[in-house]
4 protein chains.
Amino acid sequence: MTPPEPRRRSASAHLAILEATWEEVVEKGYAGLTVEGIAARAGVGKQTVYRWWPSKAAVLLEALNARTAQTSDFPDTGDIAADLAGQITGVAEFLASDGGVVFKALLAGAQSDPELAEDIRRQVIEPRTQACADRLAKAQAAGELRADVDPVDIVELVYAPLYYRLILGTRPISAPDMRHQLDRVLAGLRA
Amino acid sequence: MTPPEPRRRSASAHLAILEATWEEVVEKGYAGLTVEGIAARAGVGKQTVYRWWPSKAAVLLEALNARTAQTSDFPDTGDIAADLAGQITGVAEFLASDGGVVFKALLAGAQSDPELAEDIRRQVIEPRTQACADRLAKAQAAGELRADVDPVDIVELVYAPLYYRLILGTRPISAPDMRHQLDRVLAGLRA
Amino acid sequence: MTPPEPRRRSASAHLAILEATWEEVVEKGYAGLTVEGIAARAGVGKQTVYRWWPSKAAVLLEALNARTAQTSDFPDTGDIAADLAGQITGVAEFLASDGGVVFKALLAGAQSDPELAEDIRRQVIEPRTQACADRLAKAQAAGELRADVDPVDIVELVYAPLYYRLILGTRPISAPDMRHQLDRVLAGLRA
Amino acid sequence: MTPPEPRRRSASAHLAILEATWEEVVEKGYAGLTVEGIAARAGVGKQTVYRWWPSKAAVLLEALNARTAQTSDFPDTGDIAADLAGQITGVAEFLASDGGVVFKALLAGAQSDPELAEDIRRQVIEPRTQACADRLAKAQAAGELRADVDPVDIVELVYAPLYYRLILGTRPISAPDMRHQLDRVLAGLRA
DNA sequence: ACTTAACCGAGACGGTACGTCGTGTCTTGGT
DNA sequence: ACCAAGACACGACGTACCGTCTCGGTTAAGT
């Protein structure tokens, strides 16, 4: 739900809404997240929220994006194992923090809202998947990894355990754990 | 004065509620699932729902369990790869059907309800995880797999891609895809 | 807007709403009268108001009726002038009190709501008009008044000055004033 | 530093607003009359309405005045009965048309707005009352009418039935009806 | 002819109330 | 005793207008 072109949109209200949304969801969880609550905490009329976003989930998505915008391209030191380990550590740390709570909330919301699901995929998942897949393709070309596996499948194998823990809550997400799992995945993919 | 366990619970109402819940969630999604809707479709008073379950999610969990109760123990043909492939095929087929929709709904609900999350883990995840981990331990003992990896970690590696697709919706869940991913995981775990 | 047959209607909520409505309208005027305010003061959910009345004006009408139900039949002492004077004094006193404020509010509301207008006519105006007209017809038969004027026209002549002052607010409604006006009307109607 | 009275008011916007107001109130009634609707129909910004009038009712009052400005002084043919009949016919015809709808709307609005009520009295009611009362005083001096009744009371008696029908809607306002009522009133007032 | 400031349309803003929906509890008959 | 039906207090929904507030863009004085 990218908001319409900001014609004469109030920057301060916009920002206050994103901040308020983040705080509300961290405090009260997704079920306790309310457009009314967001507007009240942001000191804004409800209409101002509805004017620019179609649902509370869309606000939440933008609030999340606003905090993770920088994470764009993938490192390339020539050592794919190290590069992946570095990335997965960062993601693990993010998901173990408030960011994880918010992201989980977003995924929950997406389940009843196909448009939101599509937006999450397009804005959050795909860019990162693509960057990672590109790096993996280079590693395959360099002979570091088997070339007979679709890089997108590798991305799935590498990141899936993170989401598994995030969603099922079987065990907490810890960076060392996730790196171990990464090692095991890579063990089956070497050239 | 010892009351008979389930006092005078109406079996027919109970069943009608589970059926109605399943249909409602498949038709309208989790967000459109309502105790009122369930009661109305089941031809039952709301109170009858509230009497036996704490929340709509709990009903949904029981509705799911009622449809998957049989799946309890893990096959053991002596060939761990074949056994895992068989299991994962079954799970993939289940999650690709209405069952997947309902399970996804349940996970969404669990995100705002720690008790439900705990119930899902205990009733759905852990028994299956345990059964699978036991089978994996036997395979390790038989020298089919590396013994230096916690079987629970292996379960995570093996099933995570399924949940990844279920939750993120990046690509549809297909049994052959999931078997390919399984092969790659196992490639890194052979003794 | 006669409320639907009170199937299992809560008598206490019903009453609290009527009381609250009266107080609210007296305190804040018709423009300040709010279903939300009524519900809050009555300690009742908004839905409970909407369940039984189609609009705030309908509640107000019933609140008014609840306070004037007794005023039904017309005295008959054999002296039409005295009987009319007695009645008009009572009405003047009522309209000069809080009742006037409420009644005026009701008329204002009726202006944008034809159904309410109809209800006011049927429940408030017509019964009283009819009773008065009947008494006037007897007076005509008894030779006290000209028989060539429709009694309903006489009712109009007799009561119109009251409404004139109520609505236009040119001068306050006072019982002696209204009796003087009555005298002048009757002066033209003697047999 | 004395600003020229109506500084640089746009005559066309002003007029468009009055027209739009009249049309809106006739179409949708007073309750459906909104400043937003007026501004939109007049092709004008809301601010332009608020700049010149304190409320929608004030606009309505001016819109009404703009259509009835001419009606100023009272005829004097020497026959008070004929003069009153002529006047009342005109008023009845006006009130039976769209003008009645608008005037009724205005009275409704005045009920929650004492300032508006005062304005209506001063601008609409009193000038006409005064003109009529003056003519009546002359009639009393000429011996056409009893001199022991305050002319303002007579105005009230004469016009009240009109307002009675306008507000209560018991019967439609028709010029012949109103003239009959006038006759009966005058019957009691002859010298 | 050229500033320059009031006025214009448009419409975003913080608010209040709307009338509706669903929650979870409570009450009333009926079986 | 338990049930269906549904009223109840409550809280959030998404919408409509309120009256105030910028925004540029005319437009008519007053130089």
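In this text, all values refer to a predicted model and were calculated from it rather than measured experimentally. All heavy atoms count here, side chains included; hydrogens, waters and symmetry mates do not. Within every chain, numbering begins at 1; the chains are lettered A, B, ... in the order of the sequence lines, protein sequences first and strands thereafter.
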Tell me: CD1 of I38(B) to C1' of dA4(F), nearest whole Å? 16 Å

Find the distance H14(C):NE2 to dA9(F):P and express it as a whole number of Å. 13 Å

Quickly work out the Y30(A) OH to dA12(F) P distance and round it to whole Å. 15 Å

Under the side chain to side chain contact (heavy atoms under 4.5 Å, CB included) test, which residues partner E24(C), sequence neighbours left out? K28(C), L33(C), R41(C)

Residue pair V49(A) / A39(A): nearest heavy atoms and the distance that separates them: CG2-CB, 4.3 Å

Could you state the atom-to-atom distance from CH2 of W53(A) to C1' of dT15(F) in whole Å? 18 Å

So, taking the atom named NE2 in H14(D) and the one named CH2 in W52(D), what distance separates them when rounded to the nearest 0.5 Å? 9.0 Å

For the pair I38(C) and T34(C), evaluate side chain to side chain contact (heavy atoms under 4.5 Å, CB included) and give the outcome as yes or no after the intermediate values. CA-CA 6 Å; I38(C) 292 171; T34(C) 282; over 6 Å; no

Contact nearer the 5' end of DNA chain E, comparing A42(D) with G43(A): A42(D)

W52(D), nearest nucleotide to its side chain (from dC3(F), dC8(E), dC8(F)): dC8(E)

Reading 5' to 3' through nucleotides 16-21 of chain E, protein heavy-atom contacts under 4.0 Å coded B for base, S for sugar-phosphate only, - for none: -BBBBB

Please say whether more than 12 non-hydrogen atoms of neighbouring residues, nucleotides or ligands are located less than 6.0 Å from CD in E27(A). yes

Tell me: CZ of R51(C) to P of dG22(E), nearest whole Å? 14 Å

For atom CZ of R9(A) and atom C1' of dA10(E), their distance in whole Å: 18 Å

Would you give the length of the straight line joining atom CD1 of I167(A) to atom CG of L168(B), rounded to the nearest 0.5 angstrom? 8.0 Å

Taking OP1 and OP2 of dG9(E), is either one under 4.0 Å from a side-chain nitrogen or oxygen of T48(D)? yes

